[in-house]
Amino acid sequence: MGLRLHNTFSNKIEDFKPLGEVVRIYSCGLTVQSAPHIGHMRAYMVRDVLVRWLVHSGYKVKTLENFTDIDDKIIEKQKEQKRDWRIIADENIAKYLDACDKLNIKRADFYPRATQHIEEIIELVNKLIEKGFAYEKGGDVYFKVRQFPDYGKLSKKNIDDLVSGARCVPTEHKEDPLDFALWKAAKPGEPYWISPWGKGRPGWHIECSAMSMHHLGETFDIHTGGEDLIFPHHENEIAQSECATGKKFARYWLHNGWVTLGGEKMAKSTGHYFLIEDVLKDYRPNVIRLYLLKTQYRHQIEFSRERLNEAKAAYLRIQTYIHGFENLPETTEPLKLKEFTEAMDDDLNTPKALGIIFDLIKQGYEKPSLDIATSIKYYLKIMGFIEEVPEQPLADIVEILHEVKVKLKEKKSTLLDTATLGFWNLLEDIKTSEEFFPNLIYVLLQIRNQLRKDKDYELADFIRKRLAQKGIQIFDKGDVSTFRVEAK
RNA sequence: GGCGGUAUAGCCAAGUAGCUAAGGCGGCGGUCUGCAAAAUCGCUAUUCGCCGGUGCAAAUCCGGCUGCCGCCUCCA
């Protein structure tokens, strides 16, 4: 069957056929005026799943994601914060990449910045002027929208409706209010680059065309981005690129839905958002990933603690099952592969794919099987979940052991007799060594189980309570106890 | 006003003509258990926003209506 993707351009789900041997993908990156929020991360999470699935399907992939490191907003921030725009950009790029790494979002192959491609941008603008698609006025350069007959095709907009909507402010230099800036003259005090039209900086849309052409060629396979970019940004990208080259720009346009807050889109401008760095403080990456993949990428997702907690509970179900199978081998023939493949091939239907994982878990409990566990691991890996090793706080266990020792002394317990004395003495030397953990916690659990056998429930419950306070939950199953380190 | 999306259980969310409408969360009941927790098992939409139509057959197609969201200005 093969991968099918929803193409905004045709508004249909189409068979995906790459142009060449390598699938070339361009993702509209951030304008790095501020730190990324959870909504931003969704876009790159979607790209991540797409890339992982393509690679899994046997494709070679080349990805490019830009950073808009100069624009009006960043210049504003510079004035506000009285800090150089480069520092602001660097800081936010670092935060973004850090969040990607934590969320296990595969990095793009290239992260070009607008300011690193001024030369290509100028060249492209020149080409557009030469071909009669652009004009210079007062140091600004504008694109003549009406020169491009296909304008509006991606966003399904009628040029004349846009004019009557008349929100596009006619600036003094524009010949037509629809025209958009390719190059902006610098005002006094603003950062600038030298161009044939004087000191200035690139307009927002042109950088994506220049950079994608430079790294991916004039025509490439997939262009991704948030829904909001369809108009005018992607429409403008198409116009200026196709006018310059006379060739098709991007072949498949993938747009992801919003992350909303109280039913409304997250927006930097209103302070109506949650920064990813803050969300990561409360929820671990796998939970955030599950939360985002629980909904098909084109639909909007509501952001709330309730939703995140729900994802956490669901994730725990997966984790609890997998934890029953330590050191799982890799498999090459997972169960339900056909169903899983069909789901992912169907415009990345991750909710359905996750449903298959939960079906497997249910089956696995009915009839335990290593195949089921290895299959689940296989699918989780494809979807970009991280194999987790919970952190185990050694110092906390040692502290509790000391408390227990004191109580045992008071009780003159046989658990302190000569046979175990060596251990208790050894305990005095343990400070931070990791070697004894997680074995140390099993020692504690064994002591507790002996106490339970001796019907000393008071001390047994004390241990349980103290561990719980340290974020370690214990579960008794007959005379065997297991534990779970409470995770985000 | 133009364009696009969406409406499925208490909540989230798959499903776009045909077996009993996936799955998750929550809730209820059982098993296990010193207690607790965890785990597990069972139950939890005779029905898919509303009205009408086409089909042997519709959540799924067509027409109309309503609600919600977004874009039309910077925005993932």
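Note on naming: letters A, B, ... go to the chains in the order of the sequence lines (proteins, then strands), and numbering restarts at 1 for each one.
Rounded to an integer number of Å, the gap from OH of A:Y315 to C1' of B:rC25 is 17 Å. Rounding to whole angstrom units, NZ of residue A:K153 and C1' of B:rC72 are separated by 20 Å. If you measure from atom OH of A:Y26 to atom P of B:rA76, you get 12 Å, rounded to the nearest angstrom. Residue A:R452 contributes atom CZ, which lies 7 Å from atom P of B:rG34 at whole-angstrom precision. The nearest whole Å value for the distance from the CG atom in A:D476 to the P atom in B:rA38 is 13 Å. Here B:rA39 presents its P atom at 16 Å from CZ of A:F483, a figure rounded to the nearest Å. Protein atom CD1 of A:I159 is 23 Å distant from nucleotide atom P of B:rG1, rounded to whole Å. In this structure, A:E235 atom CD and B:rC74 atom C1' are separated by 17 Å, rounded to whole Å.
Within a 6.0 Å radius of NZ in A:K411, other residues, nucleotides and ligands contribute more than 12 heavy atoms.
In this structure, A:R298 reaches neither bases nor backbone, as no heavy-atom distance under 4.0 Å exists between it and the strands shown. A:E302 comes within 4.0 angstrom of no nucleic acid atom, judged by non-hydrogen atoms across all strands. Nucleic acid contact class of A:V259 (heavy atoms, under 4.0 Å, all strands): base. Nucleic acid contact for A:L30: sugar-phosphate only, since backbone atoms but no base atoms lie under 4.0 Å from a heavy atom of the residue.
Nearest-nucleotide mapping onto RNA chain B: of A:G29 and A:I301, the residue sitting toward the 5' end is A:I301. Between A:N256 and A:Y457, the one whose closest nucleotide on RNA chain B sits nearer the 5' end is A:Y457.
Using bins of under 30°, 30° to 60° and over 60° for the plane-to-plane angle, the ring pair A:Y111/A:Y96 lands in the perpendicular bin.
Applying the 3.5 Å distance criterion, the base of B:rA36 shares a donor-acceptor pair with the side chain of A:R464. At a cut-off of 3.5 angstrom, counting only N and O atoms as typed in the model, there is a donor on one side and an acceptor on the other between the side-chain of A:E310 and the base of B:rG24.
Pair assignment for B:rC43: B:rG27, on the basis of Watson-Crick or G-U wobble contacts that are both within less than 3.5 Å. If you check B:rC65 for Watson-Crick or wobble pairing at under 3.5 angstrom, you find it paired to B:rG49.
Aromatic ring centres of A:H223 and A:Y252 lie farther apart than the 6.0 Å criterion allows.
With sequence neighbours excluded, the residues satisfying side chain to side chain contact (heavy atoms under 4.5 Å, CB included) with A:N11 are A:H6, A:K156.
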- [ ] Can you check each nucleotide of nucleotides 15-21 of chain B against protein heavy atoms at under 4.0 Å and return B for base, S for sugar-phosphate only, - for none, in 5' to 3' order?
- [x] S------
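A distance of about 35 Å separates the C1' atoms of B:rU44 and B:rG53, rounded to the whole Å. Using atom C1' as the reference point in both B:rA9 and B:rC43, the two lie 14 Å apart (nearest Å).
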- [ ] For side-chain contact (heavy atoms from CB on, under 4.5 Å), just list the numbers for A:L280 and A:L103, CA-CA rounded to whole Å, side-chain angles, deciding distance to a tenth of an Å, and then say yes or no.
- [x] CA-CA 9 Å; A:L280 275 164; A:L103 289 168; 4.1 Å; yes
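At the phosphate of B:rA76, OP1 or OP2 sits under 4.0 Å from a side-chain N or O atom of A:T31.
The glycosidic torsion of B:rG55 lies within 90° of 0, placing the base in the syn range.
Formation of a donor-acceptor pair under 3.5 Å by the A:N349 side chain with backbone atoms of A:A343 is not found in this model.
Pairs passing the salt bridge (Lys or Arg N to Asp or Glu O under 4.0 Å) check and including a residue from residues 279-288 of chain A, sequence neighbours excluded, read A:D278-A:K281, A:D282-A:R305, A:R284-A:E388.
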